[in-house]
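Take a look at the structure set out below.
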Amino acid sequence: MIFEALADPTRRWILDDLRQRGTLSVSDVAGPIDMSRQAVTKHLNLLVRSGLVTVHWEGRCRMHSVDPEPLLEVQDWLAPYAAEWDRRLARLERHLGERDTTELEESNET
């Protein structure tokens with residue numbers, strides 16, 4: 001469900017907005033974007049179901065906040081993939097560095 005929530009650019013924008021501005025109502029979220037409150041509510045509901053956003057009530061306003069915990073789980077799951085790419089990039093960097101050194105030595109010999 002987390003990946004489904006993160007797949008949509010509007011939901012990613014909403015998460016970023018909540019992260020930057022803090023706890024917001026549906027109207028607060030809908031304000032800066034060209035989207036109806038009803039459409040924003042649908043996106044927020046999916047974010048709530050995925051566990052990425054929590055809700056509490058302040059009077060009659062439904063307030064939304066980011067819950068970073070599920071993202072930490074995704075980060076933990078992605079960590080081995082990131083480490084593998086770091087290893088591959090380090091090997092490429094070493095290879096290119098060795099190649100540059102060899103080319104420099106060959107050009108100095110001529």
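Everything numeric here is computed off the predicted structure, so don't read it as measured data.
In this structure, the side chains of Trp57 and Met63 stay at 4.5 Å or more apart for every pair of heavy atoms. Within the 4.5 Å cutoff, side-chain heavy atoms of Glu4 are placed close to those of Leu46. Put simply, the side chain of Trp13 does not reach to within 4.5 Å of the side chain of Asp8, judged on heavy atoms. Counting only heavy atoms from C-beta outward, the side chains of Leu78 and Glu73 never approach each other to under 4.5 Å. Taking 4.5 Å as the limit, some side-chain heavy atom of Asp17 sits within range of a side-chain heavy atom of Leu24. In this structure the side chain of Thr54 never reaches within 4.5 angstrom of the side chain of Val66, judged on heavy atoms. Side-chain atoms of Val40 and Ile33, non-hydrogen and from C-beta on, do get closer than 4.5 Å to each other. Residues Leu18 and Leu44 form a side-chain contact, since some pair of their non-hydrogen atoms from C-beta on lies under 4.5 Å apart.
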- Item | Stepwise side chain to side chain contact (heavy atoms under 4.5 Å, CB included) check, Leu72 with Glu69 | CA-CA 5 Å; Leu72 296 174; Glu69 189 64 32; 3.9 Å; yes
- Where do Val29 and His64 land on the side chain to side chain contact (heavy atoms under 4.5 Å, CB included) test, with the steps shown first? CA-CA 9 Å; Val29 174; His64 301 82; 5.6 Å; no
- Task: Given side-chain hydrogen bond (donor to acceptor under 3.5 Å, both in side chains), test Glu58 with His56 step by step and report yes or no.
- Result: CA-CA 7 Å; Glu58 289 182 11; His56 72 272; 3.1 Å; yes
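Within the 3.5 Å criterion, the main-chain N or O of Ser27 finds no donor-acceptor partner in the side chain of Arg37. Asp28 contributes a side-chain N or O that, together with a main-chain N or O of Ser25, makes up a donor-acceptor pair within less than 3.5 Å.
Rounded to the nearest 0.5 Å, atoms OG1 (Thr10) and NE2 (His43) are 4.5 Å apart.
Phe3 and Ile14 fall within a single hydrophobic cluster, where Ile, Leu, Val, Met, Phe, Trp and Tyr side chains are chained together by heavy-atom contacts under 4.5 Å. Grouping the Ile, Leu, Val, Met, Phe, Trp and Tyr side chains by contacts below 4.5 angstrom, directly or via other members, places Trp77 with Ile2. Side-chain heavy atoms closer than 4.5 Å link hydrophobic residues (I, L, V, M, F, W, Y) into clusters, and following such links, even through other members, never connects Leu47 to Met1.
Across all non-hydrogen atoms, the minimal contact from Arg12 to Ala7 is NH1-O, 3.1 Å. Between Arg11 and Ala5, the shortest heavy-atom distance links the atoms NE-O, 3.0 Å.
Not counting sequence neighbours, the partners of Arg87 by the side chain to side chain donor-acceptor pair (under 3.5 Å) test are Glu84. Residues satisfying the side chain to side chain donor-acceptor pair (under 3.5 Å) criterion with Ser65, sequence neighbours excluded, are Thr23.
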